[in-house]
Amino acid sequence: MTGLIIAGVDGSAPSDAAVEWAADDALRAGAELRIVHVVDRRPYDITRFPVSDQEDHLRKAAGKVLEAAEAIARVRQPTVEVSTRSIEGVPSAVLREQEASELVIGNRGVGGFVGALLGSVTMEVAAQAGCPVVVVRAEQREKRGEIGVGVDDSDTCEPALGYAFEQARQRGATLRLIHAWQVPVHAFAPEVSYDLGEVRAAQREVVRKRIAAWRARYPEVNLAEDVQNAHPVDALTSTTCDLIVVGSHGRGALGSLFLGSVSRGVLHHARCPVAVVRSQEFVGGP
């Protein structure tokens with residue numbers, strides 16, 4: 001058994017869905033599943049209004065959350081090795097510092113308000129974790145047998161491609177290569193025109209060059225090219241996939257603290273699970 005997949009839980013419906021997702025992925029990857037609940041004491045540390053028996057109450061609550069999550073995982077995938085861990089601290093900081101091959105979390109937790117698309121913890125973890133982060137929604141969707149991945153002409157999409165190809169291989173799924181392009185609009189030069197046929201052909205060539213090495217490494221993966229004249233977020237979220245994989249293009253000490261605009265937009269608008277794979281994780285080609 002190789003690899004460790006961590007599911008961050010808080011007892012919410014999205015976190016329950018994250019446990020199911022993580023258990024399925026652990027089975028496919030032959031990995032161990034660790035379920036982590038972070039005990040955050042900050043809301044109760046009010047000097048003027050101390051909470052009696054705070055430690056005992058929080059410990060019991062954490063135990064119930066972990067027990068329920070472990071039961072979900074064992075029912076979902078009985079053969080997967082499952083462990084649980086309760087850790088004190090700030091949830092986003094604790095989760096993003098975990099060493100794992102994959103981190104799975106819900107799109108919002110028990111502190112989120114009705115209608116919220118993403119919780120603050122989810123955004124921080126997706127932006128800063130040192131491994132791929134899968135963000136799962138509570139809503140169940142019919143399986144399509146297809147993984148979508150964003151492809152552009154930069155090296156920063158390589159980690160996302162590697163993760164997506166491996167996910168497609170493990171699932172026996174089709175990998176949809178999604179590339180969006182937009183023709184510049186010249187407000188002061190409306191006479192400028194483009195041969196759209198040539199532009200489309202050039203964009204398809206961008207995709208084929210970018211994935212050539214990965215295609216050679218994963219010849220068993222069925223590929224579908226999806227080159228669209230659209231905004232990248234629209235192109236990625238309009239597909240009906242089981243998972244969308246995007247890169248995070250933060251660069252430098254400051255840039256690495258934030259998600260790129262495309263990955264952030266996909267997390268907000270996609271209706272299926274989204275995997276965010278940071279470019280800093282990539283250490284070599286296929």
Side-chain angles (χ1 to χ4, degrees), residues 5 14 18 21-22 25 95-96 100-108 117-119 121-137 141 144 146-171 173-182 203 206-207 210-211 214 218 221 223-228 230-251 255-282 286:
I5 294 177
W21 174 276
D25 242 16
L95 289 173
R96 68 175 181 252
S101 53
E102 180 179 279
L103 178 59
V104 188
I105 53 178
N107 66 315
R108 61 185 177 90
L117 294 177
L118 283 176
V121 172
T122 301
M123 287 294 288
E124 290 182 34
V125 174
Q128 300 176 41
C131 65
V133 177
V134 180
V135 178
V136 182
R137 286 158 173 74
R141 294 176 59 86
R144 301 285 184 174
E146 192 166 273
I147 304 295
V149 61
V151 184
D152 60 28
D153 58 357
S154 70
D155 290 339
T156 55
C157 75
E158 289 292 304
L161 284 172
Y163 178 89
F165 267 90
E166 182 60 22
Q167 281 282 328
R169 184 195 68 79
Q170 291 178 7
R171 297 162 180 263
T174 295
L175 180 58
R176 179 169 294 276
L177 307 166
I178 304 170
H179 175 73
W181 56 277
Q182 293 176 291
Q203 298 304 318
V206 166
V207 173
R210 176 56 60 192
I211 60 94
W214 293 108
Y218 291 90
V221 173
L223 302 178
E225 289 186 8
D226 189 351
V227 178
Q228 301 182 37
H231 188 278
V233 174
D234 293 334
L236 287 160
T237 58
S238 64
T239 60
T240 54
C241 297
D242 298 330
L243 173 69
I244 295 175
V245 183
V246 294
S248 176
H249 291 186
R251 296 184 176 88
S256 64
L257 297 178
F258 304 99
L259 286 172
S261 59
V262 171
S263 51
R264 186 172 62 250
V266 172
L267 279 172
H268 274 288
H269 298 291
R271 296 185 178 181
C272 67
V274 177
V276 178
V277 186
R278 296 177 64 200
S279 58
Q280 289 87 342
E281 294 159 24
F282 184 61

Chemist: Looking only at heavy atoms, which two atoms of Leu175 and Ala168 are closest? And how far apart?
Modeler: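 Residues Leu175 and Ala168, closest heavy atoms: CB-CB, 4.1 Å.
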Chemist: Mind checking whether Met123 and Arg264 have side chains closer than 4.5 Å, heavy atoms only?
Modeler: yes
Chemist: If you measure from NE2 on His268 to OG on Ser263, what distance do you get to the nearest 0.5 Å?
Modeler: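 The OG atom of Ser263 is 10.0 Å from NE2 of His268, to the nearest 0.5 Å.
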Chemist: Which heavy atom of Cys272 sits nearest to which heavy atom of Cys241, and what is that distance?
Modeler: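 Between these two residues, the closest heavy atoms are CB-O, 3.4 Å.
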Chemist: If only side-chain N and O atoms count, and only distance matters, is there a donor-acceptor pair under 3.5 Å linking Gln203 with Asp153?
Modeler: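 On atom types as modelled, these side chains do not qualify, holding no pair under 3.5 Å.
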Chemist: Looking only at non-hydrogen atoms, find the nearest pair between Leu267 and Ala126 and report the distance.
Modeler: CD1-CB, 4.1 Å
Chemist: Taking all non-hydrogen atoms of both residues into account, name the closest pair between Ala180 and Pro232 and its distance.
Modeler: CB-CA, 3.6 Å
Chemist: Measure the shortest side-chain to side-chain distance between Arg176 and Arg144 over non-hydrogen atoms and say whether it is less than 4.5 angstrom.
Modeler: no
Chemist: Side chains of Arg210 and Asp155: does their closest heavy-atom pair fall under 4.5 Å?
Modeler: yes
Chemist: Do Arg137 side-chain atoms and Asn107 backbone N/O form a donor-acceptor pair below 3.5 Å?
Modeler: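 Checking the backbone N and O of Asn107 against the side chain of Arg137, no donor-acceptor pair under 3.5 Å is found.
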Chemist: Might you point out which heavy atoms bring Val151 and His179 nearest each other, and give the distance in Å?
Modeler: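 Looking at all heavy atoms of both residues, the shortest contact is O-ND1, 2.8 Å.
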Chemist: Please answer whether the main-chain N or O of Val221 pairs with a side-chain N or O of Arg169 as donor and acceptor at a distance below 3.5 Å.
Modeler: no
Chemist: Check whether any side-chain heavy atom of Ile147 sits under 4.5 Å from a side-chain heavy atom of Tyr163, and report yes or no.
Modeler: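 Counting from C-beta outward, Ile147 and Tyr163 never come under 4.5 Å.
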Chemist: Minimum heavy-atom separation for Tyr218 and Gly162, please, with both atom names.
Modeler: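 In this case the closest contact between Tyr218 and Gly162 is OH-O, 4.4 Å.
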Chemist: Using a 4.5 Å cut-off on heavy atoms from C-beta on, say whether the side chain of Trp21 contacts that of Leu243.
Modeler: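 Counting from C-beta outward, Leu243 and Trp21 do come under 4.5 Å.
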Chemist: Heavy-atom distance under 4.5 Å between the side chains of Val149 and Leu177, does that happen here?
Modeler: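 Yes, at least one pair of side-chain atoms sits under 4.5 Å.
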Chemist: For Ile5, which of Pro132, Ser101, Cys131 qualifies under side-chain contact (heavy atoms from CB on, under 4.5 Å)?
Modeler: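 Running side-chain contact (heavy atoms from CB on, under 4.5 Å) over Pro132, Ser101, Cys131 with Ile5 returns exactly one hit, Ser101.
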Chemist: How long is the straight-line distance from CG of Asp242 back to CD of Gln167, given to the nearest 0.5 Å?
Modeler: 10.5 Å
Chemist: Between Val104 and Asp25, is a side chain to side chain contact (heavy atoms under 4.5 Å, CB included) present by the stated rule, with each step listed?
Modeler: CA-CA 10 Å; Val104 188; Asp25 242 16; 5.7 Å; no
Chemist: Test Ile178 against every option in Val227, Thr237, Leu236, Asp152 by the side-chain contact (heavy atoms from CB on, under 4.5 Å) rule and name the one that passes.
Modeler: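 Among the candidates, only Leu236 passes.
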Chemist: Can you tell me how far apart CD1 (Ile211) and CG (Leu161) are? Round to the nearest 0.5 Å.
Modeler: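 Ile211 CD1 to Leu161 CG: 8.0 Å, rounded to 0.5 Å.
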Chemist: Below 4.5 Å, heavy atoms only, C-beta onward: do Leu223 and Phe165 meet side chain to side chain?
Modeler: yes
